[in-house]
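Worksheet: one structure, shown below.
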Amino acid sequence: MARDDMARDDGPDRPVAVQAPGSGADATAAAAESELESATKATQAVGNSFLTAGDLDLAALLRSPADPDLVQLLAPEGERVEHPDYAVDFSDAQYRSLYRDLVLVRRIDREASTLQRQGELGIWAPLAGQEAAQIGSARALRPGDMAFPTYREHGVAWCRGVDPLVLLGLFRGVNLGGWDPLEHNFSLYTIVIGAQTLHATGYAMGMQRDGSEDAVIAYFGDGASSQGDVNEAFVYAAVYNAPVVFFCQNNQWAISEPSERQSRIPLYRRASGFGFPGVRVDGNDVLATYAVTEKALADARSGQGPTLVEAFTYRMGAHTSNDDPTRYRLDHELEAWKLKDPLERMKSFLYKQQIADRSFFDDLDTEAETLARQLRKSCREMPEPQPLSIFDDVYVEPTEHLRRQREDYAAYLDSFEDAAVGGGR
Amino acid sequence: MARDDMARDDGPDRPVAVQAPGSGADATAAAAESELESATKATQAVGNSFLTAGDLDLAALLRSPADPDLVQLLAPEGERVEHPDYAVDFSDAQYRSLYRDLVLVRRIDREASTLQRQGELGIWAPLAGQEAAQIGSARALRPGDMAFPTYREHGVAWCRGVDPLVLLGLFRGVNLGGWDPLEHNFSLYTIVIGAQTLHATGYAMGMQRDGSEDAVIAYFGDGASSQGDVNEAFVYAAVYNAPVVFFCQNNQWAISEPSERQSRIPLYRRASGFGFPGVRVDGNDVLATYAVTEKALADARSGQGPTLVEAFTYRMGAHTSNDDPTRYRLDHELEAWKLKDPLERMKSFLYKQQIADRSFFDDLDTEAETLARQLRKSCREMPEPQPLSIFDDVYVEPTEHLRRQREDYAAYLDSFEDAAVGGGR
Amino acid sequence: MPKSTIARALNEGLRKAMEKDSKVLIMGEDVGKLGGVFRVTDGLQKDFGEDRVIDTPLAESGIIGTAVGLAMRGFRPVCEIQFDGFVFPAYDQIVSQVAKFHYRSQGKVSLPITIRIPFGGGIGAVEHHSESPEALFCHIAGLKVVACSSANDAYSMIQQSIASDDPVIFFEPKRRYWEKADFDPAAGAPPLHRARVVRPGADVTIVAYGPMVRTALDAAAAAETEGRSLEVIDLRTLSPLDMDAILESVRRTRRLVVVHEAPGNGGLGGEIAARVTESEFYRLEAPVLRVAGFDTPYPGSQLEDNYLPDLDRVLDAVDRSLDY
Amino acid sequence: MPKSTIARALNEGLRKAMEKDSKVLIMGEDVGKLGGVFRVTDGLQKDFGEDRVIDTPLAESGIIGTAVGLAMRGFRPVCEIQFDGFVFPAYDQIVSQVAKFHYRSQGKVSLPITIRIPFGGGIGAVEHHSESPEALFCHIAGLKVVACSSANDAYSMIQQSIASDDPVIFFEPKRRYWEKADFDPAAGAPPLHRARVVRPGADVTIVAYGPMVRTALDAAAAAETEGRSLEVIDLRTLSPLDMDAILESVRRTRRLVVVHEAPGNGGLGGEIAARVTESEFYRLEAPVLRVAGFDTPYPGSQLEDNYLPDLDRVLDAVDRSLDY
Ligand SMILES: Cc1ncc(C[n+]2csc(CCOP(=O)(O)OP(=O)(O)O)c2C)c(N)n1
Ligand SMILES: Cc1ncc(C[n+]2csc(CCOP(=O)(O)OP(=O)(O)O)c2C)c(N)n1
Ligand SMILES: [Mg+2]
Ligand SMILES: [Mg+2]
């Protein structure tokens, strides 16, 4: 697939950096303190009871679309809106290319879900709803920047030039991660929640020692924010002033648990407790997400240390193909978020601004279908791994012990070839 | 020792609660934000370098005695000062009794250090300098409240009625913790940094379920603030609105590492990232520490959830008897802090206010010496544990496996009695 | 006899325990509305409320650490670790606090905490969802460790574990959760820390636990067609080990094969082999053989059937044992 | 020959490694100005700067987790865990990340991380300062685990571990840190993963590692006065095990006693016993015997001399082995 080059051809130039550093964070301080107050009040109301934040107005508070702290550049209806601290300055080609990525990764995601239902994948973690958060943040990265994903960053993988087929290999069980993290500057999917945020921080510490001008972005979720590792990453990044952007996709749910089960105040506020800025951005707004991430990366490069970006978004599908969201959330929630769909708003923007015409969208649909067809075909054709490969790459310097274990197993397998009866058992 | 009862006799009544809930925390928010700014500025100055916060003006910033956020009721010179949010209302007897505790625990601490040097204790963790932080917070506890200590809370242990001799047993290696945590509402010393903050939060969750009006206090240090467990405790306590006070004794050092190595902003600010109030109190001011802790406990009881109290104090001695502070800190730092000595300021307060006279101080010295002498004597006489007790209390329901292992070892030991040669080896 | 599954039996056992003792709490990730990703706690929050069935923040050390505090306060927390591979963030609290608090307090504090861990492979999952970490808990004094393999045991053992005043690590064979099997809640249960002969035999003793019990039984059935009589012991208790039961069998068969999914190196098989050999040195006709996962990380799921011990590998070991 | 100590030899080995390779970093709590609580990194920050000798925040998972990132960036972090009992907060990062990343990446990423852990008892410390957790790492595929017992080995093995492209858990016998011993930096070193016969003998083989090597040698000396010739093997490498060296010796002596401080249940002794017995079933004159810490938590220091294997308990096992 040549999309890698394409992306580079029409990839956005850096828009000019904007406004006073950190002012975004400062601006939110007061608001947050008052939120803290209401949080406390709300909990006072229930006295010594152990009702959880989820049962309080906090839910509403957190979900409120009219959140003053929410950085937005593209309204759900596709209208461009201005923000004092953030702006983007894209060419029409760049706008189209951003939309193209949104469409293609959603199509890949849909195809993967289908393949899973057909038994071609063991499991799939859909990104539907989070395309803008992922494309917006990933497109803000420079080639030399390093990204550390969770298991749902298919859009980021796409922007880092990881062949979607290779991505599927992991979910098909062909391997545990097929791409070269250092070739793509995209680490392997990390399934243990939060662990990668420390890897990202350490990698950023390494960049400091190399005198590099690059930066690191660490992806994690609202649920992950509760893990000790993530908070230790905040400690290390702040203390060493490491060039790392902590990018939290708050998709409102950690499997069945609402984000209020992880924090009773907005998650971007967590950063203030560690001494670095936090920003909440509309994660369904690819332009705002790009601008906010780009600014945070620029701060990191220029020695201003870490930033926490909370991309406020929504997981429109199931947690994974094993999950049944109807057990824990109501349809109307999904319906409400559909109105904020990241693709729709970009599409109507392109239309209204006459940045793209029918033919563009038609061609894009065709491209997406072709991509999906190729993917489906090559996924089915993926070669099975060889049994003896189990013993490969346990160590760089192989051990005698494993060499013998491998030999014994090879002999054991041969015994079935020889004796038909063996296989017959 | 009858001191337990004494403490009860002249123990302070609850002073009347004061001012608007949480206002202490709110008041500090703005100031803290500006600290955050200067922190960021300071680090900008060093660009992409990885100079650590410790090398920056932050050190000064954090140590500044003129810290506007520092709650103080008793100035180093012994002058009473007023604070908008906090006050105490003690009888003369109560003032004297507070001072008595300060003196006695310092004397116990000194005696323990001596015993360690004489080889009577394997190790000792001195509290010298932190008496006010510990006595002030512990005296604010109600009998039903539960305290979770680190390994340095000798002053808290004293207030919870734990016989100092029993405390020494642990450091002598007679056992791993000799008192009954539930009898004294004082958990066992916890050596794994931070672990007890989760126990405290869980215990507080239990109180909620019991509909109890009591609260929990969790002690930890500046270094501990970096541990995942401590931050997870913040998450749980905030989400469940648990009645727990997180009491951080910032004694400026985690063994050889200055507190800036754990955070580039004042530690009490950590709480704001989790959605509950944080307060910094002069930890060498027993009155302020009492008032702030009492208020935080009252908030917890009345369903306002957790508070983080940062007691700004200083470890005047070595980290433990194994430590050599001259390797990592300068004398002038210690000298500066001596001027803020928690005992001296209380003593001159009592003098100036004529709350106590010569004879009181003389009698107290005598009491302290007697206490020390008893302690020295009974420590030396502590019976050695029996070898076979190694196998006791591994399980509530003993296992056959351990019963046999114990039997075998008993027989093995007997074999030396019988055969002199065995012992001779 | 009525049929059920291990998952349902666990659910009923938990319900029974909660009805019997109001101090019993369930806590973990997604154990509430969702009923756990395996539905083992299905319906319990609805019936016992949010205060007794607690959806926790996503932090395992927090789950176990707060459970310690709750236990000190007099509760009996049953903690669910969502998958075997996610117990490690809580390992410090388990090893240094849960296991040692009773000893540290000279018996004054006891922590009746049950930690449920769905374990083992064979479900076509991604990384960290198919681990067998039991040996890492058996080595820790102060913990008791058990594994159930049948609906009846699941039902009784979970209740016994919760009733135990000692902390219990409770391993559940996740790939067997949904296998239908006889279920008789009324059937009396042996003590928690006793192994059980699940198939009597004469030639070779097979010791297994959790998901491998089914595999061992299948192997025994296959062996019978070849005229070989295998005795299968379901270990049930991994720490303490029920050596009396194992030795009694080995004294008869004089041959032993231990089967587990966990890597052989440092697994339970070695400990059992060492103890049995020390006790029955002159009786054994063959060295104790181990059939285990390979000494590699758990591979991608397309290779797990190669990685995991199966009927053929068990029979191969039986052949080798009998060749001595 | 010049004398030195294990602590000094480690310090010199670390210095050599840092001089040789500018990518080598040291990180941990108090490793800088203080030089570590055992002074093993004494003077290194002064000479190599704060960027290469890093005092970390007090968070072990953070130490290892950031080391993973640094290693991905091309550095060779040497992480110090201050005491054995404090490695558990980092256990998740070690087991699920450090050990598995190379496998996960199909060999594309390697993590040359060395994790130094002073381990074992006998220093009169308080709880968590005398643990022997080695078995908990040997069971984890993807890790290599070694333990040094002499100044010469300390000096060479720490450099070999740092040079290794695989992650190495490096155990240091803290109670032997300050024992004076011959030290010859020039003395060639065997490969990192080879055991070594430190005292030849004919009647019984004693396998030990770390602090117990000294104990085993003392026992051998005492046994000699009773006319018994013990061969002492210093394991040096705990994972992978150097079975060839162990078996070569056992084939001659036909008797084996394994000694370690860690609790016997689930300790390395069981694994070694199982492998040796499987390989030498007909040759062994006696079952492999284990001398280990008891299966209890580590007791208060006044009881540690009872808890820890000593010369007498080793000789007692030798007697029992010879009685077969
Ligand atoms: C340490 C750990 N505990 C539990 C899990 C099981 N688990 C997988 S995803 C998930 C929820 C994650 O929620 P969030 O961080 O919000 O990310 P999202 O899935 O919403 O993108 C859980 C509990 C895990 N992978 N790792
Ligand atoms: C998990 C863990 N890591 C390391 C240690 C070793 N250690 C003991 S005390 C200490 C410093 C603690 O500093 P702080 O939290 O500020 O408490 P303080 O000793 O100053 O009272 C360290 C690193 C430990 N006990 N536990
Ligand atoms: Mg989420
Ligand atoms: Mg401190």
Side-chain angles (χ1 to χ4, degrees), chain B residues 49-52 54-55 122-123 151 169-177 189 191-195 221-229 254-257 261-263 319 322-324 327-329 384-392 394 399 401-402 405-406 409 412-413 415-416 422-423 425, chain D residues 29-39 42 49-51 54-62 65 82-83 85-86 88-90 92 123-129 218-219 222-223 225-226 263-265 293-307 310-313 315-316:
Chain B
S49 130
F50 38 84
L51 278 184
T52 64
D55 305 317
I123 185 174
Y151 40 79
L170 186 160
F171 294 93
R172 190 176 168 88
V174 173
N175 57 43
L176 305 172
Y189 274 6
I191 292 173
V192 178
I193 296 295
D222 45 296
S225 68
S226 295
Q227 279 288 359
D229 274 9
I255 306 186
S256 73
E257 300 192 9
R261 173 60 47 171
Q262 317 295 338
S263 177
H319 169 69
N322 295 339
D323 180 39
D324 171 11
R327 291 180 64 99
Y328 53 82
R329 68 187 193 187
E384 281 192 9
Q386 287 307 308
L388 291 179
S389 68
I390 286 178
F391 300 93
D392 299 341
V394 179
T399 65
H401 175 68
L402 269 185
Q405 203 166 75
R406 180 198 166 102
Y409 188 56
Y412 168 82
L413 289 176
S415 73
F416 291 99
R425 264 176 180 165
Chain D
E29 295 152 8
D30 307 292
V31 296
K33 270 213 185 88
L34 185 62
V37 294
F38 293 108
R39 307 295 184 264
D42 190 18
E50 282 201 1
D51 54 327
I54 309 168
D55 272 328
T56 64
L58 208 177
E60 286 76 12
S61 192
Q82 202 162 71
F83 284 88
F86 308 135
F88 301 119
D92 175 59
I123 63 166
V126 290
E127 201 180 358
H128 312 294
H129 291 69
D218 295 345
T225 65
E226 298 173 6
N265 181 32
F294 298 121
D295 296 320
T296 74
Y298 200 89
S301 59
Q302 289 206 358
L303 289 174
E304 67 183 342
D305 290 345
N306 295 95
Y307 179 87
D310 61 7
L311 180 148
D312 288 323
R313 276 166 67 189
L315 291 178
D316 174 68

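Order of the sequence lines fixes the chain letters, A, B, ..., with proteins taken first and strands second; residue numbering starts at 1 for each chain. When reading the values below, keep in mind they use all heavy atoms of this one structure, side chains included, and skip hydrogens, waters and symmetry mates.
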Under 4.5 Å from any heavy atom of chain D, what part of [X] do you find: side chain, backbone, both or neither?
{"X": "Glu384(B)", "answer": "both"}
{"X": "His319(B)", "answer": "neither"}
{"X": "Ile191(B)", "answer": "both"}
{"X": "Asp323(B)", "answer": "side chain"}

Can you tell which of [options] has the highest number of heavy-atom pairs within less than 4.5 Å of chain D?
{"options": "Gly122(B), Gly177(B), Pro385(B)", "value": "Pro385(B)"}
{"options": "Asp324(B), Leu170(B), Asp229(B), Val174(B)", "value": "Val174(B)"}
{"options": "Tyr328(B), Phe391(B), Phe171(B)", "value": "Phe391(B)"}
{"options": "His401(B), Gln405(B), Gln386(B)", "value": "Gln405(B)"}

Notebook entry, point to check: Is it true that Arg327(B) and Asp42(D) have a side-chain N and a carboxylate O under 4.0 angstrom from each other?
Noted result: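 Salt bridge flag = yes for Asp42(D) with Arg327(B).
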[X] versus chain B, heavy atoms under 4.5 Å apart: side chain, backbone, both or neither?
{"X": "Asp218(D)", "value": "neither"}
{"X": "Glu304(D)", "value": "neither"}
{"X": "Ser61(D)", "value": "neither"}
{"X": "Tyr298(D)", "value": "backbone"}

Margin query: Checking Ala219(D) now: which residues fulfil side-chain contact (heavy atoms from CB on, under 4.5 Å) with it, not counting sequence neighbours?
Written below: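 Residues passing side-chain contact (heavy atoms from CB on, under 4.5 Å) with Ala219(D): Leu311(D), Val314(D), Leu315(D).
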Check: Any idea which heavy atoms bring Gln82(D) and Ile255(B) closest together, and the distance?
Finding: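 Where Gln82(D) meets Ile255(B) most closely, the heavy atoms are OE1-CD1, 3.6 Å.
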Next item on the list: Could you grab the distance from atom CZ of Arg261(B) to atom CG of Asp55(D), nearest 0.5 Å is fine?
Entry: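 The CZ atom of Arg261(B) sits 6.0 Å away from the CG atom of Asp55(D).
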Check: Is there a donor-acceptor contact under 3.5 Å linking the side chains of Asp312(D) and Tyr412(B)?
Finding: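 No - no donor-acceptor pair under 3.5 Å links their side chains.
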Check: So which of Asp392(B), Ile390(B), Leu176(B), Asn175(B) actually passes side chain to side chain contact (heavy atoms under 4.5 Å, CB included) with Pro299(D)?
Finding: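 Of the listed options, the one satisfying the test is Ile390(B).
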